[in-house]
Number of protein chains: 2
Amino acid sequence: MKTTKRKNMPPKERRDQLLGCAQILFFSKGFEDTTVQDVLDLAGVSKGGFYHHFKSKDELLFGVLDGMAEGVFSQMDLVASDETSSALKLLRSFTHLRANYLREHDYPGQVEFFRVMNQDKNLVLLEQFKRRVRTGAMPVLTRIIQKGRDDGTFNVADVDTAAELILFLSTFMDLALLRAIEARGTDTADHAARNLQAAIDMQFQTIDRILGLPDGTTDFGWPEAVDVTMATEPPPPPSIN
Amino acid sequence: MKTTKRKNMPPKERRDQLLGCAQILFFSKGFEDTTVQDVLDLAGVSKGGFYHHFKSKDELLFGVLDGMAEGVFSQMDLVASDETSSALKLLRSFTHLRANYLREHDYPGQVEFFRVMNQDKNLVLLEQFKRRVRTGAMPVLTRIIQKGRDDGTFNVADVDTAAELILFLSTFMDLALLRAIEARGTDTADHAARNLQAAIDMQFQTIDRILGLPDGTTDFGWPEAVDVTMATEPPPPPSIN
DNA sequence: CTCTTGCAAACCGACCGGCGGTCTGCAAAT
DNA sequence: ATTTGCAGACCGCCGGTCGGTTTGCAAGAG
């Protein structure tokens with residue numbers, strides 16, 4: 001009889017533990033390449049134990065996604081519930097949300113997270129995450145634009161469409177960001193850095209123009225972003241695992 | 001001994017046949033849910049036969065993708081090789097490419113194709129396809145914008161970034177298009193149709209503004225697009241397969 | 001207060017069907 | 001005779017199931 005030792009845990013705790021292990025593995029190996037068994041091994045739990053808490057591997061994915069979205073939305077609620085500020089102030093708070101979050105939460109770690117999430121194998125993960133952020137942010141931004149149009153600050157034909165377009169745009173710089181991150185330490189780093197700055201500038205200039213605002217009204221809210229990004233550590237050379 | 005009848009074919013023909021069967025299945029069931037065996041059954045060929053022509057299931061996907069991209073790029077080459085027209089004329093040709101293609105190639109069929117491609121299960125397929133189109137279109141659009149900036153027609157800070165942003169934008173209306181397509185025949189159809197028109201208008205207005213052109217310079221090139229779209233046949237009710 | 005006793009929740013791990021992919025061998029074509 | 005196209009048994013692995021076991025805890029007995 002060689003039954004391994006067993007340690008019961010309250011459901012919430014187990015769930016969180018499994019989600020944590022899954023997140024680590026999903027980020028490093030991608031969702032498709034991560035086996036349920038991988039998660040089990042890392043968490044030290046059995047198949048039966050796992051399927052007692054999760055009804056499928058997909059539920060794991062959604063759980064991880066929810067956890068990621070939580071951090072993003074917690075900041076957004078503050079903007080959403082602000083009833084006093086002007087539309088312009090709210091808009092700037094909104095466009096600064098991401099920069100603030102990045103700056104205050106271990107930026108190098110987030111860069112690496114972003115890099116891994118953008119690998120082909122994590123396409124599903126990334127796209128689902130983007131969708132959640134869009135869905136969650138839509139009502140907040142709509143409200144801001146509506147308010148600005150009502151008081152004449154913004155000049156825009158259709159509030160919902162404008163909000164959707166701006167949210168759509170809000171990931172444009174990510175393309176350049178990804179290239180810049182991957183160019184760190186190579187001889188194309190400077191070029192990529194300039195392109196990143198251009199992409200950031202153009203993204204916010206475009207937001208201004210969509211709303212009929214003078215150029216320079218909105219911005220990323222983090223002037224040193226490019227420099228800080230290029231200064232983060234490139235990942236170690238790929239090992240043969 | 002019950003060996004089934006065999007019918008040898010030249011490699012090119014078999015490949016195309018398998019690709020055709022794969023496309024049908026990928027579109028209807030999605031890539032992940034389509035088994036290699038499904039393709040074999042539909043084509044009437046064996047595992048060995050299949051793997052004689054394709055080294056993996058992924059190669060099938062890329063093959064299908066290449067076939068799809070071919071049609072798109074054939075049109076683009078005409079614009080790319082036009083040396084005489086003005087930058088503005090070229091830009092309008094470029095923005096009209098998609099509408100022209102849609103109008104001239106069985107639009108209802110393409111609507112259904114678009115609808116299926118946007119289902120969750122086809123996320124990988126869609127994203128890879130978008131990437132290919134972007135990559136192929138980038139040099140063409142860059143050249144147009146460069147020309148327009150050189151002769152003073154366009155007012156833009158960074159040519160590459162502008163081209164990338166416009167290509168990025170060129171799928172914005174797809175969000176509204178998808179919702180409109182899925183609203184056909186329901187009581188929200190009118191609302192969705194208006195939103196689609198708003199999205200189209202805003203997309204091209206934004207392109208104008210990015211390039212410093214007066215509103216209305218670029219357009220989709222197909223005024224009746226929304227009406228025609230809403231008039232296409234909704235899909236039959238889902239069967240239990 | 002301690003000690004059974006009962007039981008639901010937590011957990012184990014062998015097992016299953018089906019997947020993508022390999023391999024040996026044969027038949028058709030040249 | 002040699003090469004090319006193909007058949008189908010086979011393999012390892014994956015996600016998911018299932019019958020049984022262990023654990024924690026609360027209620028009743030002494």
Side-chain angles (χ1 to χ4, degrees), chain A residues 1-23 25-26 28-65 120-122 124-125 128 241, chain B residues 1-23 25-26 28-65 120-122 124-125 128 241:
Chain A
M1 190 61 63
K2 49 166 302 199
T3 50
T4 40
K5 283 287 177 293
R6 159 178 180 187
K7 212 184 74 172
N8 281 16
M9 289 170 80
K12 165 92 171 114
E13 201 172 330
R14 246 305 174 244
R15 259 190 82 94
D16 287 347
Q17 184 211 8
L18 287 165
L19 284 172
C21 294
Q23 188 169 71
L25 290 165
F26 288 174
S28 60
K29 306 177 52 169
F31 175 69
E32 310 282 357
D33 290 347
T34 297
T35 301
V36 172
Q37 192 62 49
D38 290 338
V39 181
L40 307 185
D41 292 344
L42 187 58
V45 82
S46 72
K47 267 263 174 80
F50 171 81
Y51 279 97
H52 179 73
H53 295 286
F54 294 90
K55 62 183 280 262
S56 74
K57 187 189 175 190
D58 279 346
E59 199 178 299
L60 251 191
L61 175 64
F62 296 136
V64 170
L65 249 32
D120 276 8
K121 62 189 180 186
N122 285 325
V124 179
L125 208 63
Q128 293 282 355
N241 284 337
Chain B
M1 191 59 64
K2 50 165 303 197
T3 51
T4 40
K5 285 285 180 291
R6 317 181 21 179
K7 212 185 67 173
N8 282 16
M9 289 171 80
K12 164 89 171 120
E13 200 171 332
R14 254 289 183 251
R15 259 190 82 94
D16 287 347
Q17 184 211 6
L18 287 165
L19 284 172
C21 294
Q23 187 167 69
L25 291 166
F26 287 173
S28 61
K29 306 176 52 170
F31 175 69
E32 308 283 357
D33 290 346
T34 298
T35 301
V36 172
Q37 191 63 47
D38 290 338
V39 181
L40 306 185
D41 293 344
L42 187 57
V45 81
S46 73
K47 265 239 170 107
F50 172 81
Y51 279 96
H52 179 72
H53 295 285
F54 295 89
K55 64 184 279 261
S56 75
K57 187 190 175 190
D58 280 347
E59 198 178 300
L60 251 190
L61 175 64
F62 297 135
V64 169
L65 251 30
D120 276 7
K121 62 189 180 187
N122 285 327
V124 179
L125 207 63
Q128 294 283 354
N241 285 337

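Predicted, not measured: the structure shown is a model, and the values here were computed from it. We name chains A, B, ... by the order of the sequence lines, and we start the count at 1 in each one.
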Looking only at heavy atoms, what is the nearest atom pair of Val64(B) and Ala22(B), with distance?
CG2-CB, 4.1 Å
Tyr51(B) side-chain proximity, nearest of dA7(D), dT22(C), dG16(D)
dT22(C)
Looking only at side-chain atoms of Met9(B), point me to the closest of dA9(C), dC6(D), dG16(D).
dC6(D)
Return no unless some side-chain N or O of His53(A) is found under 4.0 Å from OP1 or OP2 of dC11(C).
yes
Heavy-atom pair with the smallest gap, counting every atom of Phe31(A) and Asn122(A)
N-OD1, 3.6 Å
Could you tell me how far apart Leu61(A) (CG) and dG15(D) (P) are, to the nearest whole angstrom?
13 Å
Does NZ or CZ of Lys57(A) come closer than 6.0 Å to the centre of the six-membered ring of Phe50(A), within 45° of the ring's axis?
no
Nearest-Å distance for atom pair CG/C1', residues Leu40(A) and dC11(C)
12 Å
Using whole Å, report how far CG of Asn8(B) lies from P of dA29(C).
6 Å
Comparing Gly48(A) with Val36(A), nearest DNA chain D nucleotide closer to 5' gives the residue Val36(A)
Atom CD of Gln37(A) to atom C1' of dG12(D): distance rounded to whole Å?
14 Å
Rounded interatomic separation in angstrom, taking CG from Asp58(B) and C1' from dG21(C)
12 Å
Considering just the side-chain nitrogens and oxygens of Arg14(A), establish if one lies under 4.0 Å of OP1 or OP2 belonging to dC11(C).
yes
Heavy atoms from C-beta onward define the side chain here; which of dA28(C), dT22(C), dC11(C) lies closest to that of His52(A)?
dC11(C)
From dC12(C), dG15(D), dC6(D), pick the nucleotide closest to the side chain of Thr35(A)?
dG15(D)
State whether the distance check finds a donor on one side and an acceptor on the other, under 3.5 Å, for side chain Lys55(B) versus base dG21(C).
no
Rounded to whole angstrom units, what separation is found between the CG atom of Leu18(B) and the P atom of dG21(C)?
14 Å
Rounded to the nearest Å, what distance is computed from the CD atom of residue Glu13(A) to the C1' atom of nucleotide dC11(C)?
15 Å
Considering every strand and a 4.0 Å limit on heavy-atom distances, what is the contact class for Pro10(A): base, sugar-phosphate, or nothing?
nothing
Nearest-angstrom distance from the residue atom CZ of Arg15(B) to C1' of dT4(D)
16 Å
Heavy-atom nearest pair, Leu18(A) first then Val45(A), reads CD2-CG1, 3.9 Å
Counting the atoms with a prime plus P, OP1 and OP2 as sugar-phosphate, which does Lys57(A) contact under 4.0 Å by heavy atoms, base, sugar-phosphate, or nothing?
sugar-phosphate
Closest non-hydrogen atom pair between Thr34(B) and Leu25(B), with its separation:
OG1-O, 3.3 Å
